[in-house]
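Both backbone and side-chain heavy atoms feed into the values below; hydrogens, waters and symmetry mates do not. In what follows, chains are A, B, ... by sequence order, proteins preceding strands, each numbered from 1.
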Number of protein chains: 2
Amino acid sequence: MESVNIKKLAQLLNLSIATVSKALRDSYDISQETKDKVMKLAKELNYQPNPHASFLRKHSSKTIAVILPEIANNYFTLAINGIESEAHEKGYHVIIYLSHEDHEREVAFTRHLQSGRADGVLISVASTTTDYSHLHDLEKKGLPIVFFDRVCEDFNTVKVTTDDYQSGYLATKHLIEQGCKRIAHLAISTSLSIGSNRAKGYLQALQNHDVMSGESFLIECVNDNVQDTELIKDLLLHIKPDGIFAAVERYAIICYELCEAMQLNIPKDVKIISFSNMQTASLLNPPLSTITQPAFEIGREAASLLLKKLEKKNFQLPNETIVIQSKLIPRKSTAN
Amino acid sequence: MESVNIKKLAQLLNLSIATVSKALRDSYDISQETKDKVMKLAKELNYQPNPHASFLRKHSSKTIAVILPEIANNYFTLAINGIESEAHEKGYHVIIYLSHEDHEREVAFTRHLQSGRADGVLISVASTTTDYSHLHDLEKKGLPIVFFDRVCEDFNTVKVTTDDYQSGYLATKHLIEQGCKRIAHLAISTSLSIGSNRAKGYLQALQNHDVMSGESFLIECVNDNVQDTELIKDLLLHIKPDGIFAAVERYAIICYELCEAMQLNIPKDVKIISFSNMQTASLLNPPLSTITQPAFEIGREAASLLLKKLEKKNFQLPNETIVIQSKLIPRKSTAN
DNA sequence: TTGAAAGCGCTAACAG
DNA sequence: CTGTTAGCGCTTTCAA
């Protein structure tokens, strides 16, 4: 219970607290001899400086906060891996906040973060977030923010994403090339950057390739499996698309389940391609064509920039979007 | 940058710091009138108490640490969800540490945690951990520890697991009932509680049902996809089992990949069942029979007990193992 | 090269 | 009911 602190080290060594403190941080004006003695005892007693106390002086908690919509999703899981690897390498700690796509929760988290618990924030915004004032408040407090994946353009900071528009375009083009004539897009909330960009890519591809003459089947899904299943069932029953481009993995899974239930053959009756980082995409029946995002790299890059900002005080986060490309991997679900 | 603190509130209200502090915590000996005034201004200015400062007095950081082997795994993802839901409900923050199955990293994390950064620890130990002194050190410092999934019996605390032995037994029995005569077990490190219990269940089922007359094909996998692939390839080529019970999802995925490459038909040539929380188990080709663990519940229960310990000072974590049952879900991969 | 002392923001004992 | 004061563990002038 009684932990070793600087005071105890000082007592044991017959030194002042100040000297010990300076020795521990390898200060220039402490003799090597003293430093050695201090270091030795610190190691022996496994002294760990109290981060809360040091925060009070330095206003740095060596902690970053990560706010995510969800975690049961391979994309975010990989992103966290990237974030964690970068953070721990630099001696930072990572607090996780899950908004569960709920704006209120996101607001509560950001509000709390004004307390100084973390030095900076990585965020992928909830799909229900349309008002960004909670983040502007954080920004005003001087907390560095880096957006990843679901970004918001009107912040003067770095955003790290993949090429959503281009990928949406290519996914749709791929379906066209595989002979689809009635292509639907299962979109994620178009108030999200990724939702709107993926949908734009879809629409542009239809137009450029002169498919469906100005028509489009764009279904904006919500954040509920039951409702989304209804929406997609309706689509399959009434619009009867021969190609589906799903903006996120979850929609593709629903499609697979529905196709099985409705005895629709993938890819014969309907071809499916989806943004996805599922490990088992190639083992599905049939193997799912995917746009695979560089999730780990996106997380790592976002974390790396945030940490750079925290460590170097005269480094400013540039107001730009860093784009790391996704890869289209065609599999049987879109075979001709 | 300049954050609102108690001092500022006090100045603005012409009250003492102590009064404001007490008013904020709704203390009995402050008049309702004063409380209202304080609360109102606090809300207006969005006052957030500094957790580091309050730690220094109260020795409570309202933070728990979660140490996990990995995160790109549906089991742990769900467990985190359970932990997070419980923690945030009680106003606690969750720091994530990923050991990546590396004992050294685990030790480094636990060592750091002696600093007071977190009030308690939830841990699922790395497969390379055989020496538990780093955790005993933490325990000595008075940090409550709760084990989940990969537990260690010789700590005087709560462990939350699933019925690994029983599930291993049932999985093997299931293969036997489906007609398998040569059943292999792909075990995770048997120095882990889960590894050893699942393997014991396997062996006991073979014995009880008098299959393979005392023989067994128990392959202890390592923590590397390439090496594991070699091990399993060897198994399929030389031992030619007609049934495989995989201790973790990753091994089952390797089996699927190898069977495809080697043109082995699942379930005709070899039947496969695996511990797994994969969302897409039923969409695989063929659908994978699983033992599905109550991962969310395990995480939640573990967190709930830890938090109870942190909140109620005369509650002691009981020295027992809480078992939440898994469910065997037969699918085509073990069909007869 | 070392030490004394102030103070980060907050809480809690005690006094008024 | 409100305020004064000391101190949590640490860093950082400033003085010796």
Q: Are A:His88 and A:Tyr92 an aromatic pair, judged by ring center distance below 6.0 Å?
A: no
Q: Between A:Thr63 and B:Arg117, is any pair of side-chain heavy atoms under 4.5 Å apart?
A: yes
Q: Strictly below 4.0 Å: does A:Tyr47 bring a side-chain N or O up to OP1 or OP2 of D:dG9?
A: no
Q: Looking at B:Glu33, I want to see if its CD is surrounded by more than 12 non-hydrogen atoms of other residues, nucleotides or ligands under 6.0 Å.
A: no
Q: Please classify the nucleic acid contact of A:Asp29 as base, sugar-phosphate, or nothing, using heavy-atom distances under 4.0 Å.
A: base
Q: Among D:dT11, D:dG3, C:dT11, which nucleotide has an atom closest to any side-chain atom of B:Ser16?
A: D:dG3
Q: Strictly below 4.0 Å, N to O, side chains only: are B:Glu106 and B:Arg150 in salt-bridge contact?
A: no
Q: Side chains of A:Thr128 and A:Glu101: donor-acceptor distance under 3.5 Å anywhere?
A: no
Q: Could you give the CZ-to-P distance, from A:Phe55 to C:dC8, as a whole number of Å?
A: 13 Å
Q: Report which part of the nucleic acid A:Leu15 touches: base, sugar-phosphate, or nothing (heavy-atom distance under 4.0 Å, all strands).
A: sugar-phosphate
Q: A:Leu56 has a side chain; which of D:dT11, C:dT11, C:dC8 sits nearest to it?
A: C:dC8
Q: Please give, in whole Å, the distance from C:dG9 C1' to A:His52 NE2?
A: 14 Å
Q: For the pair made of NZ in A:Lys7 and P in D:dG7, what is the distance, rounded to whole Å?
A: 9 Å
Q: Scan residues 34-44 of chain A against DNA chain D and write down, sorted by residue number, each residue with any heavy atom closer than 4.0 Å; if none is found, say none.
A: none
Q: How many Å lie between NZ on A:Lys22 and P on C:dG3, as a whole number?
A: 9 Å
Q: Please determine, for the side chain of A:Ile30, which listed nucleotide (C:dA5, C:dT2, D:dG3) has the closest atom?
A: C:dT2
Q: Where the side chain of B:Arg57 is defined as all heavy atoms beyond and including C-beta, which of D:dC8, D:dG3, D:dC10 is the nearest nucleotide?
A: D:dC8
Q: For the residue pair A:His136 and A:Phe155, does the interplanar ring angle fall in the parallel (under 30°), tilted (30 to 60°) or perpendicular (over 60°) class?
A: parallel
Q: To the nearest angstrom, how far is B:Lys8 atom NZ from C:dC10 atom P?
A: 12 Å
Q: In whole angstrom, give the distance that lies between atom CG of A:Asn5 and atom C1' of D:dT11.
A: 14 Å
Q: Which listed nucleotide (C:dT11, C:dA12, D:dT11) is nearest to the side chain of B:Ile6?
A: C:dT11
Q: From C-beta outward on B:Ser31, which listed nucleotide comes closest to its side chain: D:dC1, D:dG9, D:dA6?
A: D:dC1
Q: Is there side-chain contact between B:Ile67 and B:Val121, with at least one heavy-atom pair below 4.5 Å?
A: yes
Q: Select from B:Ala53 and B:Thr19 the residue whose nearest nucleotide in DNA chain D is closer to the 5' end of that strand.
A: B:Thr19
Q: From C-beta outward on B:Ala18, which listed nucleotide comes closest to its side chain: C:dT11, C:dA12, D:dT12?
A: C:dA12
Q: Under 6.0 Å between the ring centres of A:His134 and A:Phe109?
A: no
Q: Just to be sure I understand the rule, does A:Ser21 reach a base, reach only the sugar-phosphate, or reach nothing, if contact means heavy atoms closer than 4.0 Å?
A: base
Q: Can you tell me how far C1' of D:dG7 sits from CG of A:Asn50, to the nearest Å?
A: 14 Å
Q: NZ of A:Lys58 versus C1' of C:dG7: gap in Å, rounded?
A: 16 Å
